[in-house]
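Structure first, then comments.
Convention: sequence-line order gives letters A, B, ...; per-chain numbering from 1.
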Amino acid sequence: MRIVFWLLDVNAEVRNEVPEVWLWGIDEKGERVLVVDRSYLAYFYAVIEEGFDPSNVVEEIKSAKAEYPFVVKTEVVERKFFGKPVKAVKVYCGNPDVTAKYASSFRRFEGIKDCLEDDIRYTMHYLIDNNVVPCGWHEVEVTEEKHGHDVQVDKIFIAESSPRFIEKAEAPALRILAFSTVYYSKEGSPKPERNPVIVISAVSNMGEEKQFVANEDKNDKPLLEAFIKHVGDFDPDLVVGFGTNEGDWHYLTERCKKLGIRLTVNRAETEPHTSVYGHVSLTGRANVDLLDFADEFQEVKVKTLENLADYLGVMKLENHATIEDVDFPDYWDDKNKRDALKKYSMENAKRIMGITDAILDFAMQLSSLVGLPIDQVGAAAVGFRVEWFLIKRAQKIGELAPRRMEQAYRTYTGGLVLRPEPGLHDNIAVLDFKSMYPNIMITYNLSPDTYISPNEPQPPPEDVYEAPEVGYKFRREPAGFYREILSYLIDVRQQIRAKMDTLDSKSGEHRVLDARQKAVKVITNATYGYAGWVGARWYIKPVAEAATAWGRHLIMNTIDMAKREGLKVVYGDTDSIFVKSEAEKVAKLSKEVYRKFGLEINPDKTYVRIFFTEAKKRYAGLLPDGRLDIVGLEVIRGDWAAVAKTVQEKVIEVILKEQSPEKAAKFVRQYIFELRQKKVPFHDLIIWKTLTKPPKKYAVKASHVEAARILAEKGWKLDVGDKVGYVVVIGKGRLYERVRPYILASYDQVDIEYYVSKQVVPAAARILESFGITEEQLSASKVVEKDTRTLADFLQS
DNA sequence: GCCTGGTCTCTACCC
DNA sequence: ACGGGTAGAGACCAGGCG
């Protein structure tokens, strides 16, 4: 019989010495199915030395049969490696776990140049070779198997053919469970061996809410058992949380162990286990951690669940109280507050479900585009997402995936940034090169396989593109790997967008296609960065270096052409120039640049008025619709207190809209006055900074590290990548000696004068100094204040 | 011992 | 664990200064 199913998750098993690929999915009728494919063998390639007879290698492998019992068969194949034809022996193994070991032995065999693709997981080879696509539909010939396994599905099938991919946009109706936990700890970061789970809130995408609460004596065993049962009863396809990969799953698993129960929440009666890219796998379900997708939202500086939900409009922050982790025990112990804690926990579960609604289409599209199952694609770093997409495309053209090589890290020259013309300008147009680096790579055929290294025989000059400044050469023909891939991506995105235009923008298909074009764009734009990444399988530094060299060449030529056209250039960064807007001249420039270089540069936006400081990469513009576009300045930085950001934004607004520095200065002084009265919320004084390495590795003392140390003393363990929120308090010595984690500080300890002189005034002066207003003028009363303080200090000591 | 200027470290930004 | 270019704050340190 034939079934059609949508692929949710994949894993491998070896049963009775037969390797099996398990495909977990949902069929057209909405039944949960497991399709087991026993027909697929693990393999790797032994690439043959040039001029060596592959059959000798085959013989050699055969004669070593005793040492390599899992070699099932060999096959001589033609492939390409960095574009060059190679012969290889494809070595099939009866056990997926031995390929890497065998490959490393075979590398020493005579006539074998290298072994490849032993580092690609069995399941990934399966998906790629059969064009089986996660979050995609497939049809497959199957026979139904008796339901003898301990797996939670409606039906189990044995595949009689390879699944065949079917183009179909929309996903089936999934069952989704969002959950959020509360742990009880008075000793700092909760630890599963000593601290109980006191609340788990769960929400389903059907709107069902369930809350599990510990007993009065904080016995959490019944709670956990009830939660496990609930997951089993609801049988979700997707389990979604926030920070679950690095937190909850480990905690809950260990907590259950400690209580003598097993956290069996997957479809195979096993416990959660950590898998590739540090993601936690729940066999048969997709475990999605929304924190993995938070990077997509650069505007959200401090990645908390609340902030992300607020940003996505899921649940407006101002209407809901946030309870800090440190306060959980108080809220539990105080019976009057306990309901608030329960409410907060349930709101968090709802936030998770809301965010899921907002990003799930994108996640699914990214998964199917890249080819990694949805639970993995989020956890995979950008470089690996690009790489899996490349591996998938490589297979289609017979290109072998290179191994990751240890290579020395060396930087290279990047984009060109112009010095801005400081001050105010009216009517400025921004001209942007459309997808500059991808298009450069396509146009000049920059690719690992078209690169001609200096020690190779050199083709005649008319057959190569030579990058300016750096002089690297690339074959004009045939099309390189990157050209193929990038043209494909750009084409596909155009097709999707054309299709979208024919659809009702509220339709399901439109929404799915929009998510897909976003996923395509993300991968397209990340390809240049991938090309310059030392860790990349296809890393060839000259490829990335040539791309930026062409970029500089293009932008410099464009500036010259603009000037000749009579356009005044006031700024530019990498792929853009800012010019005094003159529609006809701009149009003519675009045309000429296209004619000369074959790349498109078009007006992106126009500023009614724009302001530059002396610094590059920092400016603020007024858009025709009245919105402000602020770039690089403190307003959009996460490591400045809100007081400074609020004031600077207001100053910018007054300057751009009313061109009145005096009014702006007056506002600043008024704000400072109120700040000194402590009329601004305490939260607006918090400064957030990321811990970028373990505290011990810092070469110099730093405020946020010191704040983290204070928290650690109290038992609150912070990890690399965590944001530390601190305030500056009154005291002596260096700044780092005067910081406190905000959750441990009170308003009356705060050193307001620090916020005046080091936050608000500098942020405001950054703008106002161009108009002749000094820091002193902004903090006029500072002098008096300072003297008073000095006097007070004097009297004290 | 304190101030000053130069350099280094650190973070977060732009594209 | 995708690239380089850049600003700005604060730590740190050597040298000046009777």
Side-chain angles (χ1 to χ4, degrees), chain A residues 276-278 295 298-299 301-302 379-390 404 409-420 430 432-438 441 522-539 541 543-549 551-552 555 571-578 604 612-619 629-641 644 687-693 695 697-706 720-721 723-724 728 733-739 754 757-759 762-763 765-766:
Chain A
V276 280
Y277 314 120
D295 286 346
Q298 290 299 317
E299 299 90 333
K301 306 296 173 190
V302 183
V382 178
F384 292 108
R385 294 179 189 171
V386 172
E387 191 152 273
W388 279 114
F389 179 73
L390 294 179
R404 219 173 286 288
Y409 170 78
R410 303 202 78 220
T411 63
Y412 56 90
T413 312
L416 188 71
V417 188
L418 303 187
R419 201 172 299 287
V430 183
D432 267 17
F433 273 99
K434 201 166 114 190
S435 302
M436 187 198 237
Y437 288 150
M441 291 163 82
V522 163
I523 297 299
T524 310
N525 291 342
T527 303
Y528 152 73
Y530 173 86
W533 173 40
V534 262
R537 288 176 188 258
W538 276 280
Y539 174 66
K541 201 175 77 153
V543 172
E545 223 177 332
T548 58
R552 295 191 298 275
I555 208 77
Y571 181 59
D573 186 347
T574 310
D575 62 351
S576 68
I577 59 169
F578 291 49
D604 171 38
F612 291 111
T613 63
E614 303 265 331
K616 297 171 175 182
K617 294 184 185 279
R618 315 183 115 220
Y619 55 88
D629 193 16
I630 300 173
V631 179
L633 293 161
E634 282 73 9
V635 174
I636 47 88
R637 289 184 66 100
D639 58 350
W640 282 71
I687 297 163
W688 292 91
K689 279 202 176 98
T690 310
L691 218 50
T692 60
K693 49 189 156 190
K697 297 232 168 144
Y698 280 85
V700 294
K701 294 274 194 179
S703 301
H704 66 303
V705 183
E706 196 57 17
V720 173
K723 288 250 197 236
V724 190
V728 177
R734 294 281 198 181
L735 183 62
Y736 65 81
E737 295 172 285
R738 300 192 287 124
V739 298
Y754 170 82
S757 67
K758 298 293 183 178
Q759 293 274 324
R766 191 95 56 223

Short side-chain N/O contact to [N] OP1/OP2 from [X], under 4.0 Å:
{"X": "A:Y736", "N": "C:dC12", "result": "yes"}
{"X": "A:T692", "N": "B:dT11", "result": "yes"}
{"X": "A:K723", "N": "B:dA12", "result": "yes"}
{"X": "A:Y409", "N": "C:dG4", "result": "yes"}
{"X": "A:H704", "N": "B:dC10", "result": "no"}
{"X": "A:R404", "N": "C:dA1", "result": "no"}
{"X": "A:Y698", "N": "C:dC12", "result": "no"}
{"X": "A:R766", "N": "C:dA9", "result": "yes"}

Go through [options] for me and flag the one nearest to the [X] side chain.
{"X": "A:K701", "options": "C:dA11, C:dT6, C:dG8", "answer": "C:dA11"}
{"X": "A:K616", "options": "C:dG3, C:dA7, B:dT11", "answer": "C:dA7"}
{"X": "A:A381", "options": "C:dA1, C:dG3, B:dC13", "answer": "C:dA1"}
{"X": "A:W640", "options": "C:dA9, C:dA1, C:dG10", "answer": "C:dA9"}
{"X": "A:V700", "options": "B:dC14, B:dA12, B:dC10", "answer": "B:dC10"}
{"X": "A:F384", "options": "C:dG3, B:dT9, C:dA1", "answer": "C:dA1"}
{"X": "A:V631", "options": "B:dA12, C:dC12, B:dC14", "answer": "B:dC14"}
{"X": "A:K301", "options": "B:dT11, C:dA11, B:dC13", "answer": "B:dC13"}
{"X": "A:T690", "options": "C:dA11, B:dA12, C:dC2", "answer": "B:dA12"}

(message) I'd like to know if the side chain of A:R552 reaches the main chain of A:T413, judged simply by a donor and an acceptor atom lying under 3.5 Å from each other, with no hydrogens or angles considered.
(response)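 It does hold such a pair.
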(request) Using atom types as modelled and distance alone, determine if a side-chain donor or acceptor of A:T690 lies under 3.5 Å from a backbone N or O of A:T692. (result)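 No, the answer is negative, given that no donor and acceptor are paired below the 3.5 Å cut-off.
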Figure out the [atom1]/[atom2] separation between [X] and [N], and round it to whole Å.
{"X": "A:Y619", "N": "C:dA7", "atom1": "OH", "atom2": "P", "value": "14 Å"}
{"X": "A:R537", "N": "C:dC2", "atom1": "CZ", "atom2": "P", "value": "15 Å"}
{"X": "A:W533", "N": "C:dG4", "atom1": "CH2", "atom2": "P", "value": "13 Å"}
{"X": "A:R637", "N": "B:dC14", "atom1": "CZ", "atom2": "P", "value": "9 Å"}
{"X": "A:I636", "N": "B:dT11", "atom1": "CD1", "atom2": "C1'", "value": "13 Å"}
{"X": "A:L735", "N": "C:dA9", "atom1": "CG", "atom2": "P", "value": "12 Å"}
{"X": "A:I687", "N": "C:dG8", "atom1": "CD1", "atom2": "P", "value": "17 Å"}
{"X": "A:N525", "N": "C:dC2", "atom1": "CG", "atom2": "C1'", "value": "12 Å"}

(message) Quick one, A:K617 and A:D573 - any side-chain contact, counting heavy atoms below 4.5 Å?
(response)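 The answer is yes, as the side chains (C-beta and beyond) meet within the 4.5 Å cut-off.
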(request) Inspect the contact between A:R734 and A:E706 and indicate whether a charged nitrogen and a carboxylate oxygen are less than 4.0 angstrom apart. (result)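 Looking at A:E706 and A:R734, the cut-off is not met.
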(request) For A:L416 and for A:G529, locate the closest nucleotide of DNA chain C by heavy-atom distance; then report the residue assigned to the nucleotide nearer the 5' terminus. (result)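 It is A:G529, whose closest nucleotide lies nearer the 5' terminus.
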(request) Specify the residue among A:A615 and A:K758 whose closest nucleotide of DNA chain C lies further upstream toward the 5′ end. (result)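 Nearer the 5' end of the strand: A:A615.
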Contact class for [X] (heavy atom, under 4.0 Å): base, sugar-phosphate, or nothing?
{"X": "A:F578", "result": "nothing"}
{"X": "A:R734", "result": "base"}
{"X": "A:G415", "result": "sugar-phosphate"}

